[in-house]
Trainee: 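Let me begin by handing over the structure; questions about it come next.
The structure displayed is predicted, hence computed values, not measured ones. All values below come from the heavy atoms of this structure, side chains included, with hydrogens, waters and symmetry mates left out.
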Amino acid sequence: FFVESLESWRQHHNLPKLTLAGHSMGGYLSVAYAERYPQHVERLILLSPVGVPEQTPEDASRINSLPFHIRAMFKTFRYL
């Protein structure tokens with residue numbers, strides 16, 4: 001329901017992309033929207049989201065393939 005409501009709002013306002021920031025349950029919903037509509041997400045900012053699993057070796061491999069400045073951000077925020 002929330003994901004589709006946000007997508008309807010985005011379409012109504014003719015916004016091509018969104019920057020989403022979510023804390024706790026809002027982080028979970030932001031991820032759900034980003035998974036469903038990745039083409040409409042410019043940036044995703046998660047602040048202590050619920051439901052985010054532990055990092056797997058596959059996740060580490062994907063992170064290590066990112067540009068240095070993005071890797072640095074992930075590795076810095078991991079300790080906050």
Trainee: Under a single-linkage definition using a 4.5 Å side-chain heavy-atom cutoff for Ile, Leu, Val, Met, Phe, Trp and Tyr, are Val41 and Trp9 assigned to the same hydrophobic cluster?
Mentor: yes
Trainee: As an exercise, state the distance from CG of Leu18 to OH of Tyr33, rounded to the nearest 0.5 Å.
Mentor: 5.0 Å
Trainee: Among the clusters formed by ILVMFWY side chains lying less than 4.5 Å apart, do Leu15 and Leu20 turn up in the same one?
Mentor: yes
Trainee: Give me the atom names and distance for the closest heavy-atom approach of Leu44 to Ser30.
Mentor: CD1-CB, 3.6 Å
Trainee: Can a salt bridge be assigned to the pair Arg36 and Glu4 using a cut-off of 4.0 Å between side-chain N and carboxylate O?
Mentor: yes
Trainee: Can you find a pair of side-chain heavy atoms, one from Ser48 and one from His23, that are under 4.5 Å apart?
Mentor: yes
Trainee: Flag yes if more than 12 heavy atoms outside His12 fall under 6.0 Å of its NE2 atom; otherwise flag no.
Mentor: no
Trainee: How about Tyr37 and Val3: do any of their side-chain heavy atoms sit closer than 4.5 Å?
Mentor: yes
Trainee: So which atom in Leu46 and which in Gly27 form the shortest heavy-atom distance, rounded to 0.1 Å?
Mentor: CD2-O, 3.6 Å
Trainee: Mind checking the CZ-OG spacing from Arg10 to Ser5? Nearest 0.5 Å is all I need.
Mentor: 13.5 Å
